[in-house]
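Start at 1 and go down the list; that is how both ligands and their atoms are numbered. None of the values given here were measured: they were computed from a predicted structure.
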Amino acid sequence: MTKWAELQRLRDMNKDRRILDLFDESRAADFSIRADGMLFDYSKTSIDAATRTALIRLTEVSGVAEKRAAMFAGAKINDTEGRAVLHVALRAGDDAVIEVDGTDVLPEVRRIRSTCAAFARDVRSGAFQGQGGRISDVVNIGIGGSDLGPAMAYLALAPFADGPRCHFVSNVDGAHIHDVLQGLDPTTTLVIVASKTFTTIETMTNADSAKRWMGAKVRNPAAQFAAVSTARDKTAAYGIDPERVFGFEDWVGGRYSVWGPIGLSLMIAVGPEAFDQFLAGGRAMDDHFVTAPFAQNMPVMLALVGIWHNQICGYATRAVLPYDQRLSRLPAYLQQLEMESNGKRVAIDGSDLATNSGPVVWGEPGTNGQHAFYQLIHQGTRVVPCEFLVARRGHESDLAHQHLLLVSNCLLLRGRSLEEARAIMAKKGLTGAELERQARHRVFPGNRPSTVLAYAQLTPFVLGQIIALYEHRVFVEGVILGINSYDQWGVELGKELALALQPVLAGKAGTTGKDGSTAALVAFLR
Ligand code: F6P
């Protein structure tokens with residue numbers, strides 16, 4: 001019997017049961033978790049008490065608690081790259097000790113954080129200036145984890161941003177950097193080249209373009225460049241003063257790196273104190289993850305809801321729908337976090353994965369999504385589990401009535417039965433076959449699972465909680481699936497293939513050996 005058998009049995013037994021029928025007086029409380037001011041409600045799913053017990057059993061047979069302890073202790077759980085996985089160290093408390101190869105890594109984490117904070121303060125106060133004076137704009141050039149984290153968080157924390165404006169360039173498409181730099185003053189712009197390896201072709205190409213743009217107006221453009229990288233030799237060769245190079249260790253994966261120097265642009269925008277609050281939120285979620293019993297553990301239950309929907313019910317995608325405009329980049333951020341981490345076909349031991357890997361993650365902020373793709377969610381033939389995020393209050397106290405409207409759109413569960421649709425059509429005066437035909441178009445089968453993550457207000461602390469919550473969710477799902485969530489060999493292959501095609505596209509090499517489609521496309525594009 002596989003570890004999935006009991007869950008599959010429960011699913012088969014209850015497949016046709018209605019979620020609404022599960023509700024009694026206590027379900028909303030029993031199937032939700034509160035922690036540090038947040039509420040995670042998973043009562044609008046088909047999970048009942050027996051299913052939850054079986055799901056928690058799955059964590060036990062998969063060794064989630066043991067692996068969690070190993071991760072927090074600095075064990076090299078990323079074993080295809082021989083690395084520890086220690087993004088939690090970037091937000092650890094002052095009295096924590098985490099050792100890698102027998103050395104406590106936290107003193108260095110704290111030292112680098114304080115150099116980042118000192119630089120951020122200098123930029124914000126004007127102590128660090130560009131050739132034309134005080135820094136007005138910061139351009140972060142990076143891609144993937146060196147872009148999505150700070151870009152997502154900068155938008156999310158807009159009400160707290162009181163420093164220079166920040167901009168983010170990631171795509172190697174020249175349109176991106178062109179449009180971002182247009183309108184900026186090179187003499188008051190700071191460029192941060194954020195690249196763990198300092199070799200990523202998109203980032204280095206954009207950095208070169210930014211240097212040329214700045215060089216047209218600024219005598220020494222490198223003086224207005226900073227770098228975030230683990231490759232100090234390469235940043236030095238690029239001409240960036242080591243004083244403005246902020247390093248981090250190889251045990252921080254790109255998509256988990258916003259908590260450290262990769263978050264420098266965010267720190268400059270909101271200030272080191274607000275950034276500390278962001279870290280504190282992440283730390284609060286870490287503490288909760290480590291201490292709460294699994295049935296009351298938000299990341300664990302969020303992961304188990306995900307496993308239930310994807311691996312057991314077979315729902316291939318999940319929609320992340322923030323009813324919080326400032327989380328508009330959260331779906332994109334989670335796409336990388338979840339799909340780069342758990343989109344793997346091989347288990348840690350090298351065997352084929354026994355089940356589906358992680359789901360396709362997608363989404364848009366509500367209510368925009370409602371007027372676009374919710375039609376499919378409501379009436380399409382495939383079930384898409386939805387994950388809503390919503391704040392009790394917005395930041396715009398003068399627009400509280402709009403927030404009310406926003407929230408009222410988020411909290412919907414019911415569908416519409418054929419009988420109800422018939423009654424509506426009858427009221428409109430329709431009869432017979434036409435009444436039946438029109439009514440059928442207006443039926444919403446309902447029974448579509450969703451969860452809600454609710455919080456008081458989107459502050460730096462809460463954003464930290466949310467991001468750490470999803471990180472740990474990925475961890476738990478990865479352990480249950482038997483995946484190494486911390487490598488990304490598929491992306492590495494993409495980098496290699498793109499590199500090999502460059503001379504071909506530039507006309508410096510032929511297409512011999514390329515498949516027919518690639519050869520024809522090269523011929524067309526060349
Ligand atoms: O997308 C793959 C990846 O390796 C990410 O993990 C990383 O965040 C991104 O590329 C960029 O890499 P780097 O920070 O080295 O430029």
Show me which atoms of ligand 1 lie under 4.0 Å from any heavy atom of [X].
X: Gly145; answer: 7 (C), 8 (O)
X: Val491; answer: 1 (O), 2 (C)
X: Ile143; answer: 8 (O), 9 (C), 11 (C)
X: Gly254; answer: 8 (O)
X: Thr200; answer: 12 (O), 13 (P), 15 (O), 16 (O)

Just by distance, do the side chain of Arg134 and the backbone of Thr188 share a donor-acceptor pair under 3.5 Å? no
Could you tell me whether the side chains of [X] and [Y] share a donor-acceptor contact shorter than 3.5 Å?
X: Asp173; Y: His178; value: no
X: Glu471; Y: Trp259; value: yes
X: Ser357; Y: Asn342; value: no
X: Asp324; Y: Tyr455; value: yes

N-O pairing of Asp487 and Lys344 below 4.0 Å: yes
Filter on ring-ring contact (aromatic ring centres under 6.0 Å, His included), then keep only pairs touching residues 311-362, sequence neighbours left out; what's left? His309-Tyr315, Tyr323-Phe388, Trp362-Phe373
Nearest protein heavy atom to [atom], by residue and atom, and its distance?
atom: atom 15 (O) of ligand 1; answer: Thr197 OG1, 2.6 Å
atom: atom 6 (O) of ligand 1; answer: Glu340 OE2, 3.1 Å
atom: atom 3 (C) of ligand 1; answer: Lys495 NZ, 3.8 Å

Within-cut-off N or O pair, Thr203 and ligand 1, under 3.5 Å: no
Just distances here: any N/O of Ser146 and N/O of ligand 1 closer than 3.5 Å? yes
Are the ring centres of Phe475 and His87 closer than 6.0 Å? no
Determine, using heavy atoms of Gln336 and all atoms of ligand 1, whether some pair is separated by less than 4.0 Å. yes
